Amino acid sequence: MRRLASAAAATLFAAGIVAAFHQPATAAAPTEDPAAGVSAEVFTAMQRDLGLNVDQAKARLRSDAKAARTEQTMRGSLGNRFGGAWVRPDGALAVAITDASQAAKVRAAGATPTVVSRSEASLNALKDTLDARTAPKSVTGWYVDVASNTVVVETVKGGEAAAKAFAGSSDAVRVTVVNEAPKTLYNFYGGDAYYIGGGRCSVGFAVSGGFVSAGHCGRTGQAVSGSNQVAMGSFAGSSFPGNDYSWVRTNSSWVGKGSVNQYNGYAVAVKGSSAAAVGASVCRSGSTTGWRCGTIQSKNQSIQYAEGTVSGMTRTNACAEPGDSGGSWISGNQAQGVTSGGSGNCSSGGTTYFQPVGEILSAYGLSLTTS
């Protein structure tokens, strides 16, 4: 379970904002092997993003841990003669020094010495002077680059002159052009609110490239905004009636998390999408009534809405209200579906139906985001 930090007989579509989630900090148990106890998901990601198999990934983790220890040792023993350290593409640790007489010490530590003209401390001091200046809007950032022994100022194309004026005349500062300016990213979780024009629905589950929700929430191509009213993306697909499912393709400002908001300060991790049996317990999350639970009463039910018949629904005795539409249904840690509609409310009780998530994933060829 993850902790949360500061941040109707017809279809349930109407007018709830949830803050961002943060994982609790936990102390790692000491181990002699940095690769021991690392989750399979880490190795999968390293294979995907770094092109490493499991054995190579473990070797990289061990090498990186050794490099970190050596860097700390060198920083302490070299003092102001330390120019920084970095892991080279071949995996070796390079240590920059301003005094060539210290090369033997670096080699003895298992690293490769590189003689430079500026210490890490002087580069950090130069960077601090830039921090105290007001940067032009064209400048996207600046940082100490120990590998080039300079401070780098980044700017978008066309802003080079302003960036050079900001950087000053020191030959220790260089200006580079980047393709685009950075922007903040927003997380979203199952059950979070999102907005479609003047209406509000709830996120079902994060999937590859976006999230799934209810079809009646919006038409294909219709724009949506997130719980904070920031542009989020648009419906890449929507089916209603007949079915009641959709998927929203999110823009690069948003990151979907494989968890469901419980609206109590915590989130439940999603581990898969195995369908629960009739009679099993099930809980749902939605931006109007939060976290509610009940049991599955039947499957493959057809429902006659005013807009038309929807089939293949799962019936539950958990309540829901307008605005909860599209929200997550989960049994234990297994995703079940997205809220469609129902009758009653969360004051007097009611019946609520959800569209099974497996059908949605299959219809659009999506992969569920798990945690």
Side-chain angles (χ1 to χ4, degrees), residues 8 10-18 179-181 183-258 260-261 273 284-288 303-313 320 322-329 335 337-341 353-369:
T11 51
L12 301 176
F13 174 65
I17 296 176
V18 62
N179 293 327
E180 61 180 333
K183 54 190 174 184
T184 54
L185 300 177
Y186 308 99
N187 294 337
F188 66 86
Y189 297 77
D192 283 3
Y194 71 96
Y195 295 86
I196 317 94
R200 170 170 53 81
C201 271
S202 300
V203 172
F205 295 95
V207 296
S208 44
F211 64 86
V212 295
S213 189
H216 70 263
C217 287
R219 306 180 307 275
T220 300
Q222 195 168 6
V224 307
S225 56
S227 59
N228 55 3
Q229 304 285 2
V230 172
M232 193 175 196
S234 61
F235 285 92
S238 180
S239 178
F240 179 77
N243 304 296
D244 194 5
Y245 54 63
S246 64
W247 81 282
V248 171
R249 182 184 289 114
T250 53
N251 61 40
S252 59
S253 295
W254 291 84
V255 178
K257 298 298 182 180
V260 173
N261 183 2
S273 56
R284 49 150 290 272
S285 179
S287 57
T288 297
I303 309 161
Q304 280 206 121
Y305 292 128
E307 298 87 347
T309 301
V310 176
S311 58
M313 292 285 117
D324 288 328
S325 272
S328 325
W329 288 80
V338 302
T339 301
S340 174
Y353 307 94
F354 67 78
Q355 175 86 60
V357 71
E359 184 179 354
I360 310 173
L361 300 177
S362 177
Y364 296 120
L366 301 170
S367 298
L368 187 68
T369 299

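Here the structure is a predicted model, which is why all the values come from computation and not from measurement. For the numbers below, each heavy atom of this structure counts, side chains included, while hydrogens, waters and symmetry mates do not. Positions are given from 1 along the sequence.
Taking the side chain as every heavy atom from C-beta outward, Met313 and Gln355 approach each other to under 4.5 Å. Within the 4.5 Å cutoff, side-chain heavy atoms of Phe235 are placed close to those of Val224. In this structure the side chain of Tyr195 reaches within 4.5 angstrom of the side chain of Gln229, judged on heavy atoms. A heavy-atom distance below 4.5 Å is found between the side chains of Lys183 and Ser253. Counting heavy atoms from C-beta on, the side chains of Phe240 and Asn243 never come closer than 4.5 Å. Contact annotation: the side chain of Leu185 never approaches that of Trp254 to less than 4.5 Å [non-hydrogen atoms, C-beta and beyond]. The shortest distance between side-chain heavy atoms of Thr369 and Lys257 does not fall below 4.5 Å.
A donor-acceptor contact closer than 3.5 angstrom links the side chains of Ser202 and Ser287. A donor atom on one side chain and an acceptor atom on the other are found under 3.5 Å apart for Trp329 and Thr339. For the residue pair Ser285 / Tyr189, no side-chain donor-acceptor distance below 3.5 Å is found, with atom types taken as modelled.
Relative orientation of the Tyr364 and Tyr245 rings is perpendicular, given thresholds of 30° and 60° on the angle between their planes.
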From CA spacing to verdict: side chain to side chain donor-acceptor pair (under 3.5 Å), Ser325, Arg200: CA-CA 8 Å; Ser325 272; Arg200 170 170 53 81; over 6 Å; no
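When each of Ser213, Ser340, Ser311 is tested with Asp244 by the rule side chain to side chain donor-acceptor pair (under 3.5 Å), just one qualifies, namely Ser340.
With ring centers used as reference points, Tyr194 lies 6.0 Å or more from Phe188.
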